[in-house]
Amino acid sequence: MAVGPLDQLEIAKRRVCQNWVNASNKSYELGPGAIAMLITYSIAIILNKNEHLYEIRSSDYLFLYYLCTTFTCSISIYILQSEAEPSDLSSLRLLNTFTIIVILAFLFEAIPRTNTRVQQESREKEHLSDYDQANLLSRITYHYIQRIVSLGATRPLNEEDLKNTAPGYLKTRVNFRRISTSWENNIARSRASHGGRSPSLILTVLSTYRIKIVAMLAVRLIALSLIYLAPMLLGRLLKFIDEYGSTSKEGGRGPPPLKEGLLITTGILACNVLSTLLFAFSVAGNMDVGVSAYVGIEAMIYRKSMTLSPQARQKSTLGEVTNHMSVDTEKWLSSAYYLPHIITSPIELAVGIRMLYGLLGWSLIAGLTVFAIIMSIHAKMARSMNGYQDGMLRFTDLRLRLITEILSNIKTVKLYGWEDAFRKKIDALRTKELSYLKPLATIRSISKIGYSSISLLMALATFAIYSTVGGPDMTPGKMTPQIVFVSISLFNMLNEPLGMASYVISQTIALRIANLRIQKFLLQEELDTTIVQRYGRQPPRSPSNKGRKDQNLSIDIENGTFAWETEVGFPTTVIDSADHAEDVRQPLLSGSSTPNPTPARPVLNNISLQIPEGYLTAVVGRIGQGKSSLLSAIMGEMYKKQGTVRIYGELAYVPQQAWIINATVCDNIVFGRPFDQQLYDRIIYASGLRPDFEMLPAGDQTEIGERGINLSGGQKQRVSLARAVYQDADIYLLDDPLSAVDAHVDQHLWNNVIGPNGLLKNKTRVLVTHGIHHLEHVDQIVVFKDGTISETGEYKQLMNNGGAFNQLIKDYLVTATNKHKYGGSRVESGIDEDSQRKTHVAKGATVTSDDGGDNSHGVGELVAEEKMEDGRVGWYVAATYARAVSYRRTFICVVLFILGQGSHISTNFWLSYWINDTGHQDREVRALSYYLTIYGLLVIVYTIFDVAINYFCEVTCGMQGSITLHERLLTRVLRLPMRMGRIVNRFSSDINSVDAVLPEEINRLFTFMTFVGGTLALIAYSTPAFLLAIPILGIAVYIIQDYYIKSAGSLTRLFSVSKSPLFQHFSESLAGVSTIRVTKGLREQFILQNEVLGDVVVERMNMVFILGRWLQVRLEIVAAVAIFLFTSLAVINIDRLDSSLVGLTLTYGLGVITLTNYLVRTVSEVENLLVSVERIQEYSEKPMEAPAATGVRLPQNWPQKGLIAFKHYSARYRVGLNLSAKDVSFTVEPGQKIGIVGRSGAGKSTLTLALFRIIEAADSYWVLASDPSSSDSPIDPAIYSSSAGGLIEIDGIDISTLGLRDIRQHLAIIPQDPTLFAGTIRDNLDPFNELSDSDIWEALERAHLKAYISSLAGGLSFEVAQNGGNFSFGQRSLICLARAMLRKTKVLILDEATAAVDVETDDLIQKTIRKEFQDRTILTIAHRIKTVMDSDKILVLENGCVQEFDAPSKLLDRHTSLFYSLARQAGEI
């Protein structure tokens, strides 16, 4: 007779009992041995106490020893109580005493401790985290984060609460070193193999963390073995119930003892608890790998972006690289949970199939056939998902790139009234993105049948065969509770590995695509640091003697030819296409795969240049001749095709477009160097920043906004120059820093910083300049023409040569004598006077910036931190999403879920009925087809419901909600006033959450809710006594979930907010990458800052994940206790229960253990995702600016005359701030040319913004209506027609009564910052596609650009790079001039339009304006007084007031006038 497993267990139990009795008797006989053991354990407890006093954490080995000993002793006690004879009671008492001592020792070792003396000292000295000090029990139960959880339950968590909470092995630097080392080794092996195969980033990461991955897989497999032990115990329990019932009815042999059933229920409890702890531990370990990979790769991307070559920078836009950091790297976080299933799922399937085969035999082949069919369908779906995912990401990149560009240049968009044109572009990209998202969501929703319905379909096929021919000799198999419900439990347990197949496949595909994108970026070409030979400053050979041939050199270029691309040729005639600024080499917007059509040629040819130490060298030439490229070549930012470049000393760089970071003014100047107050004060004075500091709310501690948007162009440039001076370098590369400042500030900077008597007088200076008024004071002049040096020499030498330089000076230079006469002390006193005028400004006052920025959000804070709500997400947010989906669709979705769960339960109820009906011999036996047909119909009905639910929830409802929210957000953002926060995240991660993640999580939420609810109802129906335990268990679950959700909400918000500074720092770093690379020590400083910001993200991210494990352990233990109570009650009430009903209930009950955790986590996850809806809704509800159109009908071709009248006009940048324009009144007659001048911050550009209604009249209706602080307060409609703040009339019409589109599209402007957008040249000139090509070519010809544009491949279809990076600053100004010509309007505003062009081009533009706009009213804001000297009238502003308004000749006749002072300082008189 065969001996079964249970019989073997019984035999082993008797042997253990006998061995223990024998051993105990011997111990009892040897009393000293037992006494010695007691003494040993007593000493151990004392040693444990000392360990607590002197160690930072308990011993893991002692903990495990005590735990194992307690477990084995408990089993021995049970066996002895069951089998021992009365004579062995002494042994039992001895064992009980020993067990109590061991339990006490275990408890003493397991008690979490965090506040011992040694721990407190370690936290203070070694900065140990809570994890580092937690003992093993605290770690596996995650009790060490209880402090954070308790805080989160009482108040919203803040950043201070989370400091130093992450383990050291998760730090950014640690993981960067590990991954980058492996990556570099793999690259080296790949190159050495000569196979041409690129190294795999995924395999590199997996190899780096292979030890931890293998360990976590082992723990996971142990946990899975315990999970699969539960159905075996369930089968044993059902057999126990059957045996108990049969013996009770038949009589004879007595029923088995109830304690045997209770032992089985205890075993189920132990399996569930241990599997929960081990599974949570493995998941936490896998998430550690995901976090480590995320932060390590993020650091690699950041460092790689700092070393990209010029051509590589063309291929990677800011949006794409940011996407690598924000989206692609996060795939490691989402995949960390799913990737282990690649190994464990086949093992789970093998174990489950083997156990099912033991129950159902060869009938299981039918179920496996169903599985194979569905998996083959899944494989085809996965291939389709791969393509759709790739396509969707491509258009997501394009959409984000365009939105980022629009938001970065929103002022330009509004000035031109191009919101509708860009809206159409975004909508077109969004439509294409959704065209990939919809089939992707459809396939994903259908593929979920593999998770929810596959077990039922497999069970249907298997039971159909088993009940028909599955018995011995092809006879019908017997459908018993043990076979049916254990099989269903196993089928349900196979749900996860089977259903996870679609998730694992999709996550693997997403991870593969993301890492291929990152891998492609990491393998891009890096900057060749050998292009420039860098040496230290040469020791002096002799006393300084400029002019001596043996003078030490600072810069030495010999026969250098430089290009921006590697594949360029060497044509004999070179025409430089652009002045390539330091950081604007961006790729094209076009998604085509065609190569860049720009003609491939060198930018600089045959450059030979020697600059002695201490020389001031000026580089001059027309726009597009290669002046800025020379600086790039010196810095090593270009490809060197031939020649040699030697640099002797450290470099400092001042770019043409000032690079400002979001920090205080002081931080932007000091930039990480040791603070020297005396040096700092000298630099501040020399840079002319002292008056600006007195105006700023917190002086130099005032925070500068992102991209310096809150400062004027001149202020930004002076901060940039001051920063370079503070670096105390040997060589200064100055790319036209004087172009953005007023004439008197220009002179001050020359005298005190750049010139022969400035702070840099002993430094080597290379000054690219478009001005010529300082050239006679430089040591050397280099003239560029067509990418080559046409002339080199001193000023007098070049003048005597009679070349092009001589002609340029004669044509455009005002007598140097006047400038010399007034350039020194008078200019300095002008600055002093200006600063004295500003001292009366209150600390809360706003700074009137030339770019229209508002410089105060509060004392010292210019840009508010990203808003973070407190507390849980309110119901109104869920209602907002439901409203976006539509309430009708939401109701249908809920009804479908309820019906679906009802159909699922009905399938198993029918199985229970089938078993009971066929098990009673006194009932009439129905045909087998009757049971199978109804069961099959129920399964099919549920499958149909399943597909319908998934599709309706994720595709129909999800897509509608996403479309609605995106449209609301985009509509509102494009209509917001010029006060925007960090909103790119709303369009990237938040919209991504609403697109793909939120619908899927809501689907899971309703699935879990209906399953858990249905299961509890079923348990209550089968065992009414369980209802008594429901309130207690419910309270426990409520407390746990309340702690969790409150803390999770705060943590998720903190995590979301922490990413913005990281991405902002990354964007700022890319914007200033040339400055960072060229400045000594700056690259390391920025890398360190990136690590600090990355560590903050890691701390919060890690706490979010660990909190999930904290919840899992507690909820699943509560659920395990609930199952234990139910099974125990079933055993106690065994004589009143039906085994089939118990089996049915337990089948669902075992699933509840995991699903309860999933339910609460999904509730929290949905709440966290609703934060994205909340953040989107935050901007969707912000007050908008005035409407685009009103009911006012304009005359045809308005304005017909160009009459402009300011009538007592006042304005401020924000409610509560001081006025930036004060009671301004003047009239501009039709056709007049008005020059607007004033010192920096006088309010010149305020008038421009007022004309375009970027700002509104003070205290007017739209000021109050668009102010967020007054959005909740009713506004008196009477204000709408009031004249508060004055008014502006154009041709007699009050512009405040018009729509913004009507105003902005009927005025023309050439802005201070000539902005081009990614797209074609035609798109940049005619975004509404209203003009013919002939009109556009005519405008380009009049703007002196036709010849150049014609030479470009594609002509008007030539693709403009992001931010116009493939055009020089001057060329962009000329394109803006062509824009203005195409807009047939009577009013033109020039806002510092020629500040950054050379004097020859400036004169050309002015002549063009005088000729082409002679019949138009022109308002010109200029730094160069010469530009407006021929105006009909000059408007002089001071502190926002009209100081003077008269003809320039009359103002110059009055020597006391402010205009006379400004003109004299500029050297114009």
Point to revise | Which residues share a salt bridge (Lys or Arg N to Asp or Glu O under 4.0 Å) with R430, sequence neighbours left out | key: E433, D995

Exercise for review: Please list, chain by chain and in numerical order, all residues satisfying ring pair (Phe, Tyr, Trp, His ring centres under 6.0 Å) with F1317, sequence neighbours excluded.
Suggested key: F422

Review point. Any Lys/Arg nitrogen of E419 or R1304 sitting under 4.0 Å from an Asp/Glu carboxylate oxygen of the other?
Key: yes

Review point. Sub-3.5 Å donor-acceptor pair from the side chain of R1379 to the main-chain atoms of N1324, do we have one?
Key: yes

Exercise for review: Could you tell me whether K1059 sits above the aromatic face of F1055, with NZ or CZ closer than 6.0 angstrom to the six-membered ring centre and within 45 degrees of the axis?
Suggested key: yes

Check your understanding: Are the side chain of E526 and the backbone N or O of S309 linked by a donor-acceptor pair below 3.5 Å?
Key -> no

Review point. Between CG of D1335 and CG of L1340, what distance do you get to the nearest 0.5 Å?
Key: 11.0 Å

Check your understanding: Of all residues at least two apart in sequence or in a different chain, which pass the ring pair (Phe, Tyr, Trp, His ring centres under 6.0 Å) check with Y416?
Key -> W418

**Study point:** Polar side chain donor-acceptor pair, T971 to R423, under 3.5 angstrom
**Key:** yes

Practice item. Can you measure from CD1 (I991) to CZ (R1175) and round to the nearest 0.5 angstrom? Key: 11.0 Å

Revision key, fill the gap. Distance col, row M381:CE vs I446:CD1, nearest 0.5 angstrom, shows 5.0 Å

Study note, to complete from the structure: Output for pair (L1170 CG, E1174 CD), nearest 0.5 Å, gives 8.5 Å

**Study point:** Any donor-acceptor N/O pair, R399 side chain to F987 backbone, under 3.5 Å
**Key:** yes

Review point. Do D328 and N515 have a side chain donor and acceptor closer than 3.5 Å?
Key: no

Review point. Is a side-chain N or O of K414 found less than 3.5 angstrom from the main chain of L974, in a donor-acceptor match?
Key: yes

Practice item. Could you verify whether a donor N or O on one side chain and an acceptor N or O on the other, from Y639 and E525, lie under 3.5 Å apart? Key: yes

Check your understanding: Any donor and acceptor pair, going by atom type alone, linking the side chain of R1372 with main-chain N or O of F1367 inside 3.5 Å?
Key -> yes

Check your understanding: What class does the angle between the rings of F1086 and W659 fall in, given that below 30° is parallel, 30 to 60° is tilted and above 60° is perpendicular?
Key -> tilted

Practice item. Could you grab the distance from atom CZ of R303 to atom OG of S1069, nearest 0.5 Å is fine? Key: 11.5 Å

Check your understanding: Within the side chain of K331, is there an N or O that forms a donor-acceptor pair under 3.5 Å with the backbone of A514?
Key -> no

Review point. Looking only at atom types and distance, does a side-chain atom of D1326 sit under 3.5 Å from a main-chain N or O of L1331, one as donor and one as acceptor?
Key: yes

Review point. Among all residues two or more places apart in sequence or in another chain, which pass the salt bridge (Lys or Arg N to Asp or Glu O under 4.0 Å) test with E967?
Key: none

Practice item. Mind checking ring pair (Phe, Tyr, Trp, His ring centres under 6.0 Å) for Y388 and listing every partner two or more places apart, or none if nothing turns up? Key: none

Exercise for review: With sequence neighbours excluded, give me every salt bridge (Lys or Arg N to Asp or Glu O under 4.0 Å) pair touching residues 504-513.
Suggested key: none

